[in-house]
Structure formats: structure tokens, C-alpha cells
Asker: 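One structure coming up, written as C-alpha cells, with questions to follow.
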Amino acid sequence: MPDFKADCLFCKIAAGQIKADIVYQDDRTVAFNDINPQAPVHVLVIPKDHYATLDDVTDRSIYRELFDTAAKVVELKKLSADGYRVVANCKENGGQAVAHIHLHILGGRPMKWPPG
Ligand code: AMP
Ligand code: ZN
């Protein structure tokens, strides 16, 4: 179920119960600076609804909402000219640490490929 999960860090950020450095938000999504940035710009985009992993998403319109907010972040952070990376980690092999889906938007330096 996509509802608020009381023990979820990102649900608490979405609800304003834990402070975050918010870059943009609307009624469905929140974008905030990563607490441990891996690039000069490192913003996380989350839905306000709780989905633990990408595999738990039942309403795929959430993807449209996340990418619409990602586009706002790209505009606000002026990332388009030089480019940027959008990443979503899923479960253990994907390197997912927080069990509430999120996009990472990384910019401000060249990225390597493939990721480690
Ligand atoms: P992932 O490994 O894809 O689950 O990414 C989780 C991200 O959340 C990591 O980049 C962390 O640095 C970030 N993070 C964890 N706690 C917080 C927090 N309280 N505020 C902002 N970012 C956080
Ligand atoms: Zn959550």
C-alpha cells in the first residue's frame, strides 16, 4: 500500500517530521539535497506515497510525477547545458539503502560509466 509508513525516513521527510534541505515540492513529490552528496549537485526525488522498492510500484503514474519533478530540479539547478545523471537503485544488488523509492539526480561533474 502506498500510504505513510511510520518507521520510514523518507515518509517522515515527505511529511515534514524530519527536516531536509528541500529544493522543490508539490502535492505528490519532494526533492531535497542528499545528506551525503556524491557530486556538486545531488538531489533526491521521492513520491509522498510510500513504495519500498521499484518492484512495489502499483500506480505507474508515479514515474511521470517523479520525472516531472526531476525536470524541475534540472531547471532549478541549471544542469541541462553540461548534462547530469538520473539513477534509481533497487534492492541489494542495486545498492538501495533507503526503502522508499527515490531518484538520484547527480550533476556538476563528469560521471563515469559503468558504475561500480
Ligand atoms: P540509496 O542507496 O539509493 O537508497 O540512496 C539513499 C540516499 O539517501 C543516500 O544517497 C543517502 O546519502 C541519502 N540519505 C540518507 N538519509 C538522508 C537524509 N536524512 N536526508 C537526505 N538524504 C539522506
Ligand atoms: Zn516511506
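One is the number of the first residue; the rest follow in order along the sequence. Every number for a ligand or one of its atoms is a count from 1 in the order of the listing.
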Asker: NE2/H42 to CZ/R85 distance, rounded to the nearest 0.5 angstrom?
Answerer: 11.5 Å

Asker: Any carboxylate oxygen within less than 4.0 angstrom of a Lys/Arg side-chain nitrogen, looking at K48 and D27?
Answerer: no

Asker: One residue to check: L44. Relative to ligand 1, which of side chain, backbone, both or neither has a non-hydrogen atom less than 4.0 Å away?
Answerer: side chain

Asker: Starting at CG of D49, measure out to CZ of F4 and round the result to the nearest 0.5 Å.
Answerer: 12.0 Å

Asker: Suppose I only count heavy atoms of N36 and a 4.0 Å limit; which atoms of ligand 1 are within that range?
Answerer: 12 (O)

Asker: Within the 4.0 Å heavy-atom shell around N89, which atoms of ligand 1 are there?
Answerer: 1 (P), 2 (O), 3 (O)

Asker: How far is atom 16 (N) of ligand 1 from its nearest protein heavy atom, and which residue and atom is that?
Answerer: L9 CD2, 3.4 Å

Asker: Less than 4.0 angstrom from a charged side-chain N to a carboxylate O is my criterion; do D68 and K72 meet it?
Answerer: no

Asker: Identify, by atom number and element, the atoms of ligand 1 in contact range of F10, meaning under 4.0 Å from any of its heavy atoms.
Answerer: 8 (O)

Asker: Would you check if N89 and H104 make a side-chain contact, meaning some heavy-atom pair closer than 4.5 Å?
Answerer: yes

Asker: Check this for me: Y84, atom OH, are more than 12 non-hydrogen atoms of other residues, nucleotides or ligands nearer than 6.0 Å?
Answerer: no

Asker: Give yes or no for whether the N/O distance cutoff of 3.5 Å, strictly under, is met between V98 and ligand 1.
Answerer: yes

Asker: Can you find a heavy atom in the side chain of I105 that is under 4.5 Å from one in the side chain of V45?
Answerer: yes

Asker: Verify, without hydrogens or angle tests, whether Q96 (side chain) and A52 (backbone) share a donor-acceptor contact under 3.5 angstrom.
Answerer: yes

Asker: What's the verdict on ring pair (Phe, Tyr, Trp, His ring centres under 6.0 Å) for Y51 and F10, showing C-alpha distance, side-chain angles and the deciding distance?
Answerer: CA-CA 10 Å; Y51 294 100; F10 286 180; over 10 Å; no

Asker: Run the contact test for G95 against ligand 1 with a 4.0 Å cut-off on heavy atoms, strictly below, and give the result.
Answerer: yes

Asker: How does H102 reach ligand 1, by side chain, by backbone, by both or by neither, if only non-hydrogen atoms under 4.0 Å count?
Answerer: side chain

Asker: Would one find an N or O of I35, backbone or side chain, under 3.5 Å from an N or O of ligand 1?
Answerer: yes

Asker: Out of curiosity, is N33 lining ligand 1, as in a heavy atom under 4.0 Å away?
Answerer: yes

Asker: Report the name of the N/O/S atom of H50 located nearest to the Zn ion (ligand 2).
Answerer: ND1

Asker: Would you name the N/O/S atom of H100 that lies closest to the Zn ion (ligand 2)?
Answerer: ND1

Asker: Do H102 and H100 pass the ring pair (Phe, Tyr, Trp, His ring centres under 6.0 Å) test, and can you show the C-alpha distance, the side-chain angles, and the key distance before you say yes or no?
Answerer: CA-CA 6 Å; H102 48 281; H100 178 126; 7.9 Å; no

Asker: Tell me which protein heavy atom sits closest to atom 4 (O) of ligand 1, plus the residue, atom name and distance to 0.1 Å.
Answerer: A97 N, 2.7 Å

Asker: Closer than 4.0 angstrom: is that true for some heavy atom of H104 and an atom of ligand 1?
Answerer: yes

Asker: Tell me which protein heavy atom sits closest to atom 10 (O) of ligand 1, plus the residue, atom name and distance to 0.1 Å.
Answerer: D34 OD2, 2.5 Å

